[in-house]
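First comes the structure, then the notes that go with it.
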Number of protein chains: 2
Amino acid sequence: MIINNKIDPEFRYKKMLTKIRESGGRITSHRLALIRLLAASEGHPNATQLYEALRRQFPTISLATIYKTLALLKDEGEVLEIDLHNDSHYDGNKPYSHPHLICTHCNRIFDGDIISGIQNLNQEIEEKCNFQVSRHQLVFYGLCEECQQKVS
Amino acid sequence: MIINNKIDPEFRYKKMLTKIRESGGRITSHRLALIRLLAASEGHPNATQLYEALRRQFPTISLATIYKTLALLKDEGEVLEIDLHNDSHYDGNKPYSHPHLICTHCNRIFDGDIISGIQNLNQEIEEKCNFQVSRHQLVFYGLCEECQQKVS
DNA sequence: TTTATTATTGATAATCATTATCTACAACTA
DNA sequence: TAGTTGTAGATAATGATTATCAATAATAAA
């Protein structure tokens, strides 16, 4: 199921379609294409980036359509929303809380779910703060490997 | 300097005024009052909350003034911006990266800087991902101590 | 103290992301 | 195959934030 730190997009694709059908939603050509993109969520796109990518194939598609389907999939727990500075990005490949690394030079968003010790953090918070953690959003800003050389 | 998990607001107040003066900024009555609030940053307010609080004392103060001074203090590194879902909150008391706990029931924002093991995370990221961390924003969502009882 | 310089002010327009509204259309079901 | 109803696109509305600009006031210089 997991290929190279990424869940098999085909699996995610089918899973999302099933979830939409089960909740009484309908499958349209636009949704198929959007869910295809979200299944991989290459680069953790935001709504506008998804819109631009889909517009090539579907020139009449509307931004509202993107937002509506994203809201639907968020409610179903099939898409993770990443809240950045006045800008929401989406991950339909791994729709559960996990860390992200954002390069402040090239602005790319990387997955950081190789990092262990998150579970320890949750536990420490419950113990020290008496706070019951249900989800988290962990974002680390800095320089990715490529940009470290470009900048120096 | 540190009182009860909080930096002495008086210290922060003076520090921010000094920074503004040093950068060629001017001290006005509105700024004095805003900086007084930011020095404590009780509850991690957003711009609108600061505006509402200041309006009692200064009925003619403008939201734009709040935003402009916040931008100035951010640039000087004297205020930390916390990017939440389409909503920025501010911490002028501890203007450096530290974890926050947000209760999904009462929406309060708590400081989580008692948590150790953050430094370990940074190091693990540098080693495993070859990513050079410069700052972070760590937010944990869940139920605070009080709300755990209310909800159950 | 007075004056000159110029940063700051409030009002408001502009922008940007996101959400809501509404009618025509099309996906699914019986 | 037709009826039901969720979805589409267009666009208005919203909410947070930023930009603009002339009047004002804080500071520095005389």
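Per chain, numbering begins at 1; letters A, B, ... match sequence-line order.
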- Distance in angstrom units between A:Asp87 CG and C:dT15 P, rounded: 19 Å
- Message: We want to know whether B:His44 and B:Asn93 form a side-chain donor-acceptor pair, criterion being a heavy-atom distance below 3.5 angstrom.
- Response: no
- Item | Side-chain heavy atoms of B:Ile35 within contact of B:Ile20, under 4.5 Å | yes
- Message: Can you give me the bend angle of the helix from C:dT1-D:dA30 to C:dA30-D:dT1? Use the axis through the first five pairs and the one through the last five, nearest 10 degrees.
- Response: 30°
- Query: To the nearest angstrom, how far is A:Leu84 atom CG from C:dT18 atom P?
  - Reply: 10 Å
- According to the interplanar angle, ranging from 0 to 90°, do the rings of A:His30 and A:Phe58 count as parallel (below 30°), tilted (30 to 60°) or perpendicular (above 60°)? perpendicular
- Item | Distance, rounded to the nearest Å, where B:Tyr67 contributes OH and C:dT12 contributes P | 18 Å
- Message: What I want to check is whether the side chains of B:Asp87 and B:His89 have a donor and an acceptor closer together than 3.5 Å.
- Response: yes
- Salt bridge A:Lys6-A:Glu42, side-chain N to carboxylate O under 4.0 Å: yes
- What pair of heavy atoms forms the shortest contact from A:Arg31 to A:Arg26, and how long is it? NH1-O, 2.9 Å
- Task: Rounded off to whole Å, could you give me the CZ-to-P distance for the A:Arg21 and C:dC28 pair?
- Result: 7 Å
- Message: For a quick check of understanding: with a heavy-atom distance under 4.0 Å over all strands, which category does B:Thr48 fall into, base, sugar-phosphate or nothing?
- Response: nothing
- Task: Go through the steps to decide whether A:Val139 and B:Val139 satisfy the test side-chain contact (heavy atoms from CB on, under 4.5 Å), and finish with yes or no.
- Result: CA-CA 9 Å; A:Val139 182; B:Val139 182; over 6 Å; no
- Note on the structure: Letter by letter from the 5' end, nucleotides 4-11 of chain C scores (B base, S sugar-phosphate only, - none; protein heavy atoms under 4.0 Å) -BBBSBBB
- Query: Quick one: how far along DNA chain D does chain B reach, first to last nucleotide 5' to 3', anything under 4.0 Å to a heavy atom?
  - Reply: D:dA16 to D:dT27
- Item | Shortest non-hydrogen contact between A:Cys144 and A:Phe110, atoms and distance | CB-CE1, 3.6 Å
- Item | Salt-bridge criterion met for A:Glu145 and A:Lys150 (N-O under 4.0 Å) | no
- Query: Roughly how far apart are A:Phe140 CZ and B:Phe131 CZ, rounded to 0.5 Å?
  - Reply: 9.5 Å
- On DNA chain D, more 5' by nearest nucleotide between B:Ala47 and B:Ser29 is B:Ala47
- For A:Ile109 and A:Asp91, run side-chain contact (heavy atoms from CB on, under 4.5 Å): C-alpha distance rounded to whole Å, both residues' side-chain angles, the deciding distance at 0.1 Å, then the answer. CA-CA 11 Å; A:Ile109 303 174; A:Asp91 189 343; over 6 Å; no
